[in-house]
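Worksheet for the structure shown next.
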Amino acid sequence: MAFHHFRLCLFLSFIISLGMASAQLSANFYSSSCPNALSTIKSAVNSAINNEARMGASLLRLHFHDCFVNGCDASILLDDTSNFTGEKTAGPNVNSVRGFDVVDTIKSQVESACPGVVSCADILAVAARDSVVALGGPSWTVRLGRRDSTTANKDTANNDIPAPTSNLSGLISSFSNKGLSASEMVALSGSHTIGQARCTNFRARIYNETNIDASFQSSLQANCPSSGGDNNLSPLDTQSPTTFDNAYFTNLVNNKGLLHSDQELFNGGSTDSQVNTYMTRSTTFFTDFANAMVKMGNLSPLTGTNGEIRTNCRKTN
């Protein structure tokens with residue numbers, strides 16, 4: 001009898017663990033526990049973007065750089081501790097990733113309404129969507145229920161976030177490693193229709209490369225000297241740097257990609273045709289971008305009893 005009881009317990013444990021493993025994020029995760037969470041995040045994002053339009057790109061990038069390092073778990077928000085070195089000082093993030101103060105503001109407002117309920121990881125996912133919408137881009141349903149990590153990984157951030165010097169095969173590999181296809185990579189790269197880049201990240205392109213429009217090259221060199229001025233900024237999309245549209249792809253076709261990795265998407269390779277499609281069909285780009293954002297936002301979330309709901313996004317509880 002005891003043996004059968006043991007087998008039953010084992011079977012039940014197996015079923016429960018299966019359920020945990022397949023725990024899905026849900027669009028209505030906070031509908032009962034914090035019904036005003038989404039509207040609170042949206043109003044805070046809109047306020048931040050009204051103060052500085054560039055912040056929309058910064059919040060979108062925070063979500064991307066979070067998800068590419070051990071999944072969408074808000075690890076990017078953690079400050080260094082005696083136990084681990086956070087991701088803020090990793091190469092792709094240091095002196096570059098921004099918007100932490102805005103996330104702090106959103107978190108404090110959500111905590112006031114619903115203490116200990118809404119995760120920092122979900123705030124990043126929703127703020128990314130709301131930023132794109134605020135700047136004229138598509139909307140999508142954000143699935144919720146992510147929990148926050150209790151550690152961060154600087155080495156993984158250095159290794160897994162694609163570099164602005166990446167070639168096409170490197171970009172395809174970086175995204176493939178996260179379960180994202182080459183076409184999803186091109187769609188997500190369209191986020192460079194907003195935001196700014198530092199001179200240090202495109203200097204080699206504007207002084208050493210030939211697949212670049214001459215007048216575009218000259219205008220960039222005026223703001224980005226061959227030495228010095230590393231932190232001088234230029235828009236990733238010179239046509240409409242604070243509007244989420246398909247102009248980024250028009251730029252690529254005209255050899256006006258700011259980063260080496262941008263122009264690699266249209267340089268005689270396998271993604272040229274997709275760039276051409278997005279240049280002429282903004283609705284196709286918007287649909288593909290939204291779908292790819294949902295997929296990226298589902299990368300390895302912590303759910304159930306894994307992780308925690310941080311009270312302060314910068315540190316573990």
Side-chain angles (χ1 to χ4, degrees), residues 45-68 76-77 88 90-103 124-139 157 161-166 171 174-175 185-203 205-206 216 219-220 223-224 229-252 254 256-266 275 278 282 285-286 289-290 292-293 296-297:
V45 168
N46 288 343
S47 175
I49 291 174
N50 284 336
N51 288 336
E52 182 199 17
R54 180 189 172 204
M55 187 53 68
S58 301
L59 293 172
L60 175 58
R61 188 161 178 252
L62 266 180
H63 181 47
F64 169 51
H65 281 215
D66 178 37
C67 291
F68 260 58
I76 194 170
L77 302 177
K88 292 180 179 180
N93 296 333
V94 68
N95 298 322
S96 175
V97 169
R98 60 199 293 276
F100 299 111
D101 292 345
V102 173
V103 175
L124 288 180
V126 175
R129 187 270 312 273
D130 291 346
S131 293
V132 170
V133 172
L135 296 176
S139 187
I161 297 172
T165 54
S166 299
L171 290 169
S174 291
F175 281 74
M185 178 273 291
V186 175
L188 290 170
S189 296
S191 62
H192 285 182
T193 182
I194 53 176
Q196 311 261 334
R198 293 184 303 144
C199 168
T200 186
N201 286 325
F202 59 83
R203 178 182 285 119
R205 167 150 168 75
I206 66 172
F216 177 65
S219 66
L220 290 170
N223 188 46
C224 177
D230 282 4
N231 292 321
N232 293 356
L233 297 171
S234 287
L236 287 155
D237 167 13
T238 53
Q239 288 192 59
S240 48
T242 57
T243 301
F244 196 100
D245 54 23
N246 65 336
Y248 168 78
F249 298 102
T250 303
N251 295 337
L252 298 186
N254 292 323
K256 293 181 179 180
L258 182 63
L259 305 178
H260 175 82
S261 55
D262 290 328
Q263 198 58 56
E264 279 290 287
L265 303 183
F266 192 86
V275 170
Y278 288 165
S282 62
F285 163 52
F286 275 21
F289 180 83
M293 284 296 294
M296 186 185 77

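Here the structure is a predicted model, which means the values were calculated and not measured.
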- Message: Checking Phe175 against Phe68 for the ring pair (Phe, Tyr, Trp, His ring centres under 6.0 Å) test, could you report, in this order, the C-alpha distance in whole Å, the side-chain angles of both residues, the deciding distance, and whether it holds?
- Response: CA-CA 9 Å; Phe175 281 74; Phe68 260 58; 5.0 Å; yes
Do [X] and [Y] come close enough that some side-chain heavy atom pair is under 4.5 Å?
{"X": "Ser166", "Y": "His260", "value": "no"}
{"X": "Arg129", "Y": "Met293", "value": "no"}
{"X": "Leu77", "Y": "Asp66", "value": "no"}
{"X": "Tyr278", "Y": "Phe289", "value": "no"}
{"X": "Ser189", "Y": "Val186", "value": "no"}
{"X": "Pro138", "Y": "Val132", "value": "yes"}
{"X": "Met185", "Y": "Leu265", "value": "yes"}
{"X": "Asn246", "Y": "Thr193", "value": "no"}

Any donor-acceptor pair under 3.5 Å from [X] side chain to [Y] backbone:
{"X": "Ser131", "Y": "Ala127", "answer": "yes"}
{"X": "Asn254", "Y": "Thr250", "answer": "yes"}
{"X": "Gln263", "Y": "Leu252", "answer": "yes"}

- Message: Under a 3.5 Å threshold, yes or no: a donor from one side chain and an acceptor from the other, between Asp237 and Asn251?
- Response: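 Side chains of Asp237 and Asn251: pair found under 3.5 Å.
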- Query: With no hydrogens and no angle check, do the side chains of Arg61 and Ser191 hold a donor and an acceptor under 3.5 Å apart?
  - Reply: no
- Where do Ser261 and Thr165 land on the side chain to side chain contact (heavy atoms under 4.5 Å, CB included) test, with the steps shown first? CA-CA 6 Å; Ser261 55; Thr165 54; over 6 Å; no
Testing the basics here: between [X] and [Y], what is the closest heavy-atom pair and its distance to 0.1 Å?
{"X": "Cys67", "Y": "Gly297", "result": "SG-CA, 4.3 Å"}
{"X": "Ala57", "Y": "Gly195", "result": "CB-CA, 3.4 Å"}
{"X": "Ala157", "Y": "Pro92", "result": "O-CG, 3.5 Å"}
{"X": "Met55", "Y": "Gly99", "result": "SD-CA, 3.6 Å"}
{"X": "Phe216", "Y": "Lys256", "result": "CZ-O, 3.3 Å"}
{"X": "Ile194", "Y": "Gly56", "result": "CD1-C, 4.3 Å"}

- Residues Arg198, Ser234; criterion side chain to side chain donor-acceptor pair (under 3.5 Å); working and verdict: CA-CA 7 Å; Arg198 293 184 303 144; Ser234 287; over 6 Å; no
Measuring from [X]:[atom1] to [Y]:[atom2], what's the distance to the nearest 0.5 Å?
{"X": "Leu259", "Y": "Ile206", "atom1": "CG", "atom2": "CD1", "answer": "11.0 Å"}
{"X": "Asp230", "Y": "Asn232", "atom1": "CG", "atom2": "CG", "answer": "8.5 Å"}
{"X": "Asp245", "Y": "Ser240", "atom1": "CG", "atom2": "OG", "answer": "3.5 Å"}
{"X": "Gln196", "Y": "Ser58", "atom1": "CD", "atom2": "OG", "answer": "9.0 Å"}
{"X": "Asn46", "Y": "Leu135", "atom1": "CG", "atom2": "CG", "answer": "9.5 Å"}

- Carefully, step by step, assess Ile161 and Asn93 under the rule side chain to side chain contact (heavy atoms under 4.5 Å, CB included). CA-CA 9 Å; Ile161 297 172; Asn93 296 333; 4.1 Å; yes
- Considering residues at least two apart in sequence or located in another chain, which fulfil the salt bridge (charged side-chain N to carboxylate O under 4.0 Å, His left out) criterion with Lys88? Asp79
- Task: Go through the steps for His192 and Leu258 under the test side chain to side chain contact (heavy atoms under 4.5 Å, CB included), then give the verdict.
- Result: CA-CA 9 Å; His192 285 182; Leu258 182 63; over 6 Å; no
- Criterion side-chain contact (heavy atoms from CB on, under 4.5 Å) against Val102, the qualifying member of Leu62, Leu59, Val45: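 The option that passes is Leu59.
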- Only one of Phe266, Phe286, Phe285 clears ring-ring contact (aromatic ring centres under 6.0 Å, His included) with Phe249; which? Phe285
- Message: The criterion is ring-ring contact (aromatic ring centres under 6.0 Å, His included); which residues satisfy it with Phe202, sequence neighbours excluded?
- Response: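 ring-ring contact (aromatic ring centres under 6.0 Å, His included) list for Phe202, sorted by chain: empty.
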- Chi angles and distances behind the salt bridge (charged side-chain N to carboxylate O under 4.0 Å, His left out) call for Asp262, Arg205: CA-CA 10 Å; Asp262 290 328; Arg205 167 150 168 75; over 6 Å; no
